K.L.:
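If you scroll down you'll find the structure; I have some questions about it.
Only this structure's heavy atoms are used, side chains among them; waters, hydrogens and symmetry mates stay out. Quick note: residue numbers are just sequence positions, from 1. Because the structure is a prediction, the values reported are computed rather than measured.
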Amino acid sequence: MAEQQQQIDAIANDAAAPTFQNTIVAMEKSGALLHRAQLAFGAVAGANTDPAIQKVEAEMAPKAAAHQDAIYLNTKLFARVQTLFDQRDSLKLDPESARLLDFYYKRFVHAGAKLNDADKKKLMALNEEGSKLSNAFSQKLLAATKAGAYKTSDSAALAGMSTAQIASAQAAAKMRGDAGYLIPLQNTTQQPVLAQLSDRAIRQAIFENSWNRAEKNDANDTRDTIARLAQVRAEKAKLLGYPTFAAWKIEDQMAKTPEAAIHFMDALVPATTARAAGEQKDIQALIDQQKGGFQVEPWDWEFYSEQVRKAKFDLDETQVRPYFEINKVLEDGVFYAANQLYGITFKERHDLPVYAPDVRVFDVFNADGSHLAVFYCDYWKRDNKQGGAWMSSFVDQSRLLNQSPVVYNVANFTKPAAGEPALITFSDVTTMFHEFGHALHGMFANSEYPSLSGTSVPRDFVEFPSQFNEHWASDPKVFAHYARHYKTGAPMPADLAAKLKKAATFNQGYAFTELLAAAELDMQWHTLPADAPLQNPDEFEKAALQKKGLLIKAVPPRYRSTYFSHIWGSGYAAGYYAYLWSEMLDDAAYQWFVDHGGLTRENGDRFRKMVLSRGNSEDLTTLYDTWLGGEPKIGPMLKQRGLAAAKDTQAKP
Ligand SMILES: [Zn+2]
């Protein structure tokens with residue numbers, strides 16, 4: 001930080017008149033060491049933390065925020081940027097450089113560079129408080145999630161789970177030094193194991209562990225933290241001249257205003273809740289048929305929907321899992337699809353240090369044999385890993401800094417017990433393709449400037465390459481290549497594969513509703529005005545969902561406010577809608593591929609050249625529409641989810 005501060009001071013105090021080189025390019029070059037340390041530290045803090053790292057994290061988070069403030073609230077520095085911005089038409093910059101100047105100017109203004117000194121001080125205090133609260137939230141949630149694991153010494157409670165799952169529950173208990181069985185919580189509301197457990201009381205107990213994990217009035221209760229954090233964000237937005245935090249946050253996104261994002265989300269509610277209601281009816285009918293004598297509750301949903309799935313599609317998760325051995329999925333699926341589309345190849349390395357024994361490393365080569373990138377993957381769940389799956393980088397691509405990308409994927413798949421095959425679910429398979437889509441966006445980056453490189457794009461665009469890449473998991477040619485029995489190598493029988501494909505739109509009413517509920521919830525937290533009183537999170541959440549017609553007892557949001565890590569602990573505040581927005585982009589994009597011959601090098605290379613390599617070097621609406629040849633529509637998304645009206649479904653092949 002001290003080093004970057006010196007570099008920044010030298011730029012700000014330069015006696016020479018500002019030029020693009022001595023100001024903007026110089027800023028791009030500043031802080032290289034800090035950035036490198038932060039990326040490496042962020043990687044282990046997210047995927048392999050320990051008390052020492054957590055302590056450093058808590059200490060450094062506010063300092064890092066203050067360091068950023070010191071740069072973007074530097075009056076002399078901003079004056080130089082302002083001068084260049086005012087002269088921008090006469091500077092004769094190439095398009096990427098012009099974009100970078102615009103990027104810096106807006107970033108300064110966004111950070112409060114135009115505020116007077118008193119307001120700048122207020123802003124810095126709010127940023128620091130926000131950063132502390134956000135960090136406190138993450139640490140409380142990690143502890144709450146760990147503590148929320150379901151423990152039992154009674155193997156009968158686990159009736160319905162497979163032998164492998166039971167063995168892994170036993171291993172999980174042992175890892176914590178306990179006897180018996182332990183089922184760790186995933187970061188979502190629903191827990192995968194609820195699909196299998198036949199004892200209703202156990203299902204309810206696990207669900208409630210999940211739902212109430214951060215609302216136990218103990219040290220890990222996050223309610224006060226998020227209530228204040230929402231307030232701090234609203235106050236910050238007001239100071240910067242915006243009516244709400246969302247208005248400030250979304251300004252530089254594709255959607256541009258919260259109203260546009262809300263309008264987009266609201267339009268999806270009727271189709272998705274109608275489908276969820278239909279699914280609920282099917283589930284209730286099955287419960288009644290079995291003389292269950294109860295109304296479906298959220299902890300019943302997965303269990304009975306799995307049975308409805310079996311009845312409707314005769315598909316049993318345990319039948320398909322033997323065809324998804326993780327190494328085959330990675331090398332013959334994820335890597336294979338990328339090879340077919342872009343010509344890239346992979347070679348594993350064992351000579352590079354890794355932060356945990358599970359981590360694997362690959363060199364990635366272009367079709368012409370030149371070195372493209374290094375790819376790390378870390379797929380198994382550990383107690384010291386944040387929940388969910390993500391991609392990030394150790395090194396960002398930049399021609400200016402002469403840097404090749406080093407990227408990684410992290411996930412939380414259930415680790416097989418020792419000696420068991422590494423079989424994963426189709427949902428895990430999809431996650432691997434998803435995260436690898438982000439990885440491709442990072443690895444194909446071909447920008448001059450690091451600030452505009454790779455995945456450094458608006459939130460509502462960043463999930464587009466990843467969600468687009470998911471489509472290849474079920475592409476017939478790719479699927480046939482990786483979905484092979486782990487023992488015999490036989491391809492998945494055609495009827496089973498067909499069922500799996502048909503089942504892809506199954507339960508999408510639930511899946512889409514829980515996602516939409518979380519997205520609307522996020523947006524309502526972040527459209528609170530600054531003068532709103534401190535909220536009671538439980539009451540706020542209920543009212544927010546009710547207002548949108550999304551307060552559905554059996555279909556709770558994918559994340560409850562108190563464990564919604566995306567919006568309180570990482571960068572998705574007022575940005576969770578981006579997953580849905582990106583989905584509109586990716587389904588329209590996949591439709592384009594289908595219409596143009598699918599999995600071919602020609603299509604892949606065009607996509608790499610016009611989209612994946614471009615980062616944020618051009619306005620993304622222009623970039624996307626130019627590649628697609630028009631504006632994206634909502635139709636392909638509803639079709640993909642199986643939510644479209646029959647007429648829409650037939651409109652496209
Ligand atoms: Zn993603």
Side-chain angles (χ1 to χ4, degrees), residues 95-96 99-100 102-103 106-107 110 246-265 268 389-393 396-397 405 407 433-447 449-471 515 519 522-523 526 566-567 570-593 606-634 636-637 640:
E96 193 184 334
R99 176 92 172 157
L100 186 69
D102 188 62
F103 169 85
K106 284 187 179 145
R107 190 159 168 193
H110 224 222
W248 172 79
K249 187 75 189 284
I250 294 177
E251 191 182 40
D252 61 354
Q253 304 289 300
M254 275 181 99
K256 298 200 168 62
T257 64
E259 291 70 32
I262 291 167
H263 178 81
F264 162 73
M265 288 191 284
L268 299 167
W390 64 93
M391 167 271 183
S392 189
S393 50
D396 292 324
Q397 180 277 337
V407 308
F433 276 87
H434 176 102
E435 297 309 331
F436 196 72
H438 286 304
L440 288 171
H441 199 194
M443 295 193 291
F444 286 151
N446 187 17
S447 292
Y449 305 115
S451 290
L452 302 179
S453 174
T455 56
S456 301
V457 292
R459 292 280 176 200
D460 51 6
F461 188 86
V462 77
E463 293 302 325
F464 155 50
S466 53
Q467 294 180 163
F468 168 75
N469 204 53
E470 285 180 30
H471 288 277
L515 204 59
D522 163 36
M523 199 55 81
H526 294 107
H566 292 76
I567 67 166
S570 62
Y572 275 84
Y576 198 72
Y577 80 94
Y579 283 100
L580 304 170
W581 186 279
S582 297
E583 191 169 323
M584 167 177 70
L585 302 180
D586 85 69
D587 287 331
Y590 183 70
Q591 188 64 54
W592 184 96
F593 268 75
R606 182 175 178 272
F607 190 59
R608 174 178 175 175
K609 187 169 169 237
M610 295 178 76
V611 178
L612 291 180
S613 67
R614 298 291 311 280
N616 193 19
S617 62
E618 189 184 352
D619 173 73
L620 290 160
T621 302
T622 311
L623 184 145
Y624 181 94
D625 293 355
T626 306
W627 169 78
L628 185 74
E631 281 176 25
K633 304 245 158 45
I634 213 171
M637 168 165 62
Q640 185 69 29

K.L.:
Test Met637 against Leu268 for side-chain contact (heavy atoms from CB on, under 4.5 Å), laying out the working first.
P.N.:
CA-CA 10 Å; Met637 168 165 62; Leu268 299 167; 3.8 Å; yes
K.L.:
If you apply the rule side-chain contact (heavy atoms from CB on, under 4.5 Å), what do you find for Ser451 with Leu100, and how did you get there?
P.N.:
CA-CA 8 Å; Ser451 290; Leu100 186 69; 4.0 Å; yes
K.L.:
Side-chain polar contacts of residues 456-465 - donor-acceptor pairs under 3.5 angstrom, sequence neighbours left out - could you list them?
P.N.:
unit_1: Ser456; atom_1: OG; unit_2: Ser453; atom_2: O; d: 3.2
unit_1: Arg459; atom_1: NE; unit_2: Gly571; atom_2: O; d: 3.3
unit_1: Asp460; atom_1: OD1; unit_2: Met254; atom_2: N; d: 2.9
unit_1: Asp460; atom_1: OD2; unit_2: Met254; atom_2: N; d: 3.0
unit_1: Asp460; atom_1: OD2; unit_2: Ala255; atom_2: N; d: 2.8
unit_1: Asp460; atom_1: OD2; unit_2: Tyr577; atom_2: OH; d: 2.8
unit_1: Glu463; atom_1: OE1; unit_2: His434; atom_2: NE2; d: 3.0
unit_1: Glu463; atom_1: OE1; unit_2: His438; atom_2: NE2; d: 3.0
unit_1: Glu463; atom_1: OE1; unit_2: Ser466; atom_2: OG; d: 3.0
unit_1: Glu463; atom_1: OE2; unit_2: His438; atom_2: NE2; d: 3.4
unit_1: Glu463; atom_1: OE2; unit_2: Tyr572; atom_2: OH; d: 2.7

K.L.:
Search all heavy atoms of Trp627 against all heavy atoms of Met610 and return the closest pair with its distance.
P.N.:
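Heavy atoms of Trp627 and Met610 come nearest at CA-CE, 3.7 Å.
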K.L.:
Could you grab the distance from atom CG of Asn616 to atom CG of Asp252, nearest 0.5 Å is fine?
P.N.:
8.5 Å
K.L.:
Can you tell me if His110 uses its side chain to pair, donor with acceptor, with the backbone of Lys106 under 3.5 Å?
P.N.:
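Checking the backbone N and O of Lys106 against the side chain of His110, no donor-acceptor pair under 3.5 Å is found.
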K.L.:
Which atom pair, heavy atoms only, marks the closest approach of Met265 to Ala519?
P.N.:
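Looking at all heavy atoms of both residues, the shortest contact is SD-CB, 3.5 Å.
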K.L.:
Are the side chain of Glu470 and the backbone of Phe433 linked by a donor-acceptor contact shorter than 3.5 Å?
P.N.:
no
K.L.:
Between OG1 of Thr626 and CD of Glu618, what distance do you get to the nearest 0.5 Å?
P.N.:
6.0 Å
K.L.:
Kindly indicate whether the side chain of Tyr590, heavy atoms from C-beta on, has any atom under 4.5 Å from the side chain of Pro636.
P.N.:
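No, every pair of side-chain atoms sits at 4.5 Å or beyond.
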K.L.:
Quick check: does any side chain N or O of Arg614 sit under 3.5 Å from a backbone N or O of Leu623, one acting as donor and the other as acceptor?
P.N.:
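No, because the side chain of Arg614 does not come within donor-acceptor range (under 3.5 Å) of the backbone of Leu623.
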K.L.:
Mind checking whether Ile250 and Met523 have side chains closer than 4.5 Å, heavy atoms only?
P.N.:
yes
K.L.:
So how far is it from Asn469 CG to Leu440 CG, rounded to the nearest 0.5 Å?
P.N.:
5.5 Å
K.L.:
Please check this pair: side chain of Gln397 against backbone of Pro450, looking for a donor-acceptor N/O pair closer than 3.5 Å.
P.N.:
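Here the side-chain-to-backbone pair does not exist.
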K.L.:
Identify the heavy atoms of Gln467 and Tyr579 that sit nearest to each other, and give their distance.
P.N.:
NE2-O, 3.1 Å
K.L.:
Are the side chains of Trp592 and Phe607 in touch, meaning some heavy atoms are under 4.5 Å apart?
P.N.:
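They are not in side-chain contact.
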K.L.:
Between Asp522 and Ile567, is there a donor-acceptor pair closer than 3.5 Å when you use the side chain of the first and the backbone of the second?
P.N.:
no
K.L.:
What heavy-atom pair brings Ser447 and Glu96 nearest, and what distance separates the two atoms?
P.N.:
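For Ser447 versus Glu96, the nearest heavy atoms are CB-OE2, 3.5 Å.
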K.L.:
Rounded to the nearest 0.5 Å, how far apart are CG of Asp586 and CD of Gln591?
P.N.:
11.5 Å
K.L.:
Can you see which heavy atom on His526 is nearest to which on Ala574, and at what distance?
P.N.:
ND1-N, 3.4 Å
K.L.:
Is the shortest side-chain heavy-atom distance between Arg606 and Val611 below 4.5 Å?
P.N.:
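SC-SC contact between Arg606 and Val611 ruled out.
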K.L.:
How far does NE2 of His471 sit from CZ of Phe593, to the nearest 0.5 angstrom?
P.N.:
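Rounded to the nearest 0.5 Å, the NE2-CZ separation comes out at 10.5 Å.
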K.L.:
Parallel under 30°, tilted from 30 to 60°, perpendicular over 60°: which one fits the rings of His566 and Tyr576?
P.N.:
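It falls in the perpendicular class, over 60°.
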K.L.:
When rounded to the nearest 0.5 angstrom, what is the spacing between OG in Ser613 and CE in Met443?
P.N.:
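Between atom OG of Ser613 and atom CE of Met443 there are 13.5 Å.
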